[in-house]
Visitor: 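For reference, the structure I am asking about is given below.
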Amino acid sequence: MNLYAVFGYPIEHSLSPRIHAQFGRQLGITLVYERRAVPPGSLAQAVERFREEGGRGANVTVPLKGEAYALASMRTPRAERAGAVNTLSFADGAILGDNTDGDGLVVDLAYHQVPLSAARLLLLGAGGAAQGILGPLLDAGVERIAVWNRTPGRAQEWLARVGDARLHRPAADDSYDLVINATAASLGHALPPVPDTVFRDAVVYDLAYGPIAGRFLAHARAQGASRVLDGLGMLIEQAASAFCVWHGVRPDTAGVRALLRDELA
Ligand code: ATR
């Protein structure tokens, strides 16, 4: 059986099974893709059981991406760089860890024709989600990235560790082409406390999608954002990249985009 799953906690609302089923239908690949609720600290046991059942690969979501990183016996360079794993492949006793999140974001921005080359970015957040996307954004040729975090010391420590001259702390008179919200503020129904002026004339992107991202994006629009985008496209593109890792072919995402967007509307 061509068995796959997504592990997370909670996991009931994950759209990944629907996305992968749709990709499989599109490409004529028969597969089973399940949701598995895995409490933090028990990913290793869950993976072992899943492999015994014949599982070939799994996606890993919040809050298990760090655990998946530690569990992998081999990691791709992009997973190493992200310090997190969202895609596991099982073969010959090995557990290969990959990370398709940053790739998913960059592909989604290209889909929406948001230029990254020479762009000035503001990245909100310095946690796992922010760290997972930084490498691919730098690779896309941005001019600079200002990193803001609620706890400034965490951002400073991270930027020092990465050591790229294009990274810096936000200055009061900075303006931005693109603002990306990678904080968990929306989950707590809060807005990241940044000056309203940062949104002016910028494309504003939230890694969250649907109603969770709604408040932040409405605020950004009210403060003069030129365009707002939620992370549904990133979710679909990271899934397409994971599908490609497992099946060797990248699905077309237009159909799934339309389907899920209609449902969230
Ligand atoms: P994730 O994997 O989702 O990034 P995380 O590693 O716990 O989770 O990081 C959460 C991020 O959201 C951090 O940048 C956090 O800021 P702190 O480092 O100051 O904790 C940020 N965050 C969470 N709640 C927030 C809020 N209400 N306002 C602004 N930032 C918030």
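Note that ligands are numbered from 1 as they come in the structure, with each ligand's atoms numbered from 1 the same way.
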Visitor: Does atom 7 (O) of ligand 1 have a protein heavy-atom neighbour under 4.0 Å away?
Guide: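 When distances to the protein are checked, atom 7 (O) of ligand 1 has no heavy atom within 4.0 Å.
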Visitor: Passes side-chain hydrogen bond (donor to acceptor under 3.5 Å, both in side chains), Asn59 versus Tyr33? Steps please.
Guide: CA-CA 10 Å; Asn59 284 127; Tyr33 188 111; 2.7 Å; yes
Visitor: Got the closest protein heavy atom to atom 28 (N) of ligand 1, with its distance?
Guide: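 Of every protein heavy atom, Ala185 CB, 3.6 Å lies nearest to atom 28 (N) of ligand 1.
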Visitor: Is there a side-chain hydrogen bond (donor to acceptor under 3.5 Å, both in side chains) between Arg250 and Ser241? Walk through the geometry before answering.
Guide: CA-CA 7 Å; Arg250 190 179 179 96; Ser241 300; 2.8 Å; yes
Visitor: May I ask you to check whether His189 and Phe216 place their ring centres under 6.0 Å from each other?
Guide: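 Not close enough - the centres of the two rings lie 6.0 Å or further apart.
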Visitor: With heavy atoms of Ala129 as the reference, note each atom of ligand 1 found under 4.0 Å away.
Guide: 1 (P), 2 (O), 4 (O)
Visitor: Determine, for Tyr69 and Arg75, whether the Lys NZ or Arg CZ falls below 6.0 Å from the six-membered ring centre while staying within 45 degrees of the axis.
Guide: yes
Visitor: To check you understand the geometry: which heavy-atom pair defines the closest contact between Arg166 and Glu143, and what is its length?
Guide: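 Smallest interatomic distance, heavy atoms only, reads CG-O, 3.3 Å.
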Visitor: Starting from Phe90, can I reach Leu96 by hopping between I/L/V/M/F/W/Y residues whose side chains sit under 4.5 Å apart?
Guide: no
Visitor: Which one holds for Thr183 and ligand 1: side chain close, backbone close, both close, or neither close, with close meaning a heavy atom under 4.0 Å?
Guide: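 Near ligand 1, Thr183 shows its backbone as well as its side chain.
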Visitor: Quick check on the 6.0 Å ring-centre criterion: do Phe199 and His219 meet it?
Guide: yes
Visitor: Considering only heavy atoms, which of Val62, Leu123, Thr151 lies nearest to atom 19 (O) of ligand 1?
Guide: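 Residue with the shortest heavy-atom distance to the ligand atom: Thr151.
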Visitor: At a 4.0 Å threshold, what atoms of ligand 1 neighbour a non-hydrogen atom of Gly125?
Guide: 14 (O)
Visitor: Which residue and atom name correspond to the protein heavy atom nearest atom 16 (O) of ligand 1, and how close is it?
Guide: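 Result for atom 16 (O) of ligand 1: Asn149 OD1, 3.4 Å.
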Visitor: Which atom names give the shortest non-hydrogen contact between Leu71 and Ala44, and what distance separates them?
Guide: CD1-CB, 3.8 Å
Visitor: For atom 9 (O) of ligand 1, what is the closest protein heavy atom, and at what distance to 0.1 Å?
Guide: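 Nearest neighbour among protein heavy atoms for atom 9 (O) of ligand 1, to 0.1 Å: Gly127 CA, 3.4 Å.
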Visitor: Within a distance under 4.0 Å of any heavy atom of Ala126, pick out the atoms of ligand 1 and give their elements.
Guide: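 Contacts of ligand 1 toward Ala126, numbered from 1: 14 (O).
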Visitor: Please report the C-alpha distance between Asn86 and Thr100 in whole Å, then the side-chain angles of each, then the deciding distance to 0.1 Å, and finally whether the side-chain hydrogen bond (donor to acceptor under 3.5 Å, both in side chains) criterion is met.
Guide: CA-CA 7 Å; Asn86 80 333; Thr100 63; 3.0 Å; yes
Visitor: Pairs of nitrogen or oxygen atoms closer than 3.5 Å, one from Gly128 and one from ligand 1: do any exist?
Guide: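 Yes - when backbone and side-chain N and O of Gly128 are compared with those of ligand 1, one distance drops under 3.5 Å.
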Visitor: Quick one: does ligand 1 sit under 4.0 Å from the side chain of Arg150, the backbone, both or neither, non-hydrogen atoms only?
Guide: both
Visitor: Identify, by atom number and element, the atoms of ligand 1 in contact range of Ala190, meaning under 4.0 Å from any of its heavy atoms.
Guide: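 Every atom of ligand 1 under 4.0 Å from some heavy atom of Ala190: 27 (N).
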Visitor: For ligand 1, which atoms sit closer than 4.0 Å to a heavy atom of Arg154?
Guide: 6 (O), 9 (O), 13 (C), 17 (P), 18 (O), 20 (O)
Visitor: Would you mind telling me if ligand 1 is within reach of the side chain of Ala184, the backbone, both or neither, using heavy atoms under 4.0 Å?
Guide: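 It is both parts that get close, each with some atom under 4.0 Å.
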Visitor: Under 4.0 angstrom from ligand 1, any heavy atom of Gly188?
Guide: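 Heavy atoms of Gly188 never come under 4.0 Å of ligand 1.
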Visitor: Within 45° of the six-membered ring axis of Tyr9 and under 6.0 Å from that ring's centre, is NZ or CZ of Arg36 located there?
Guide: no
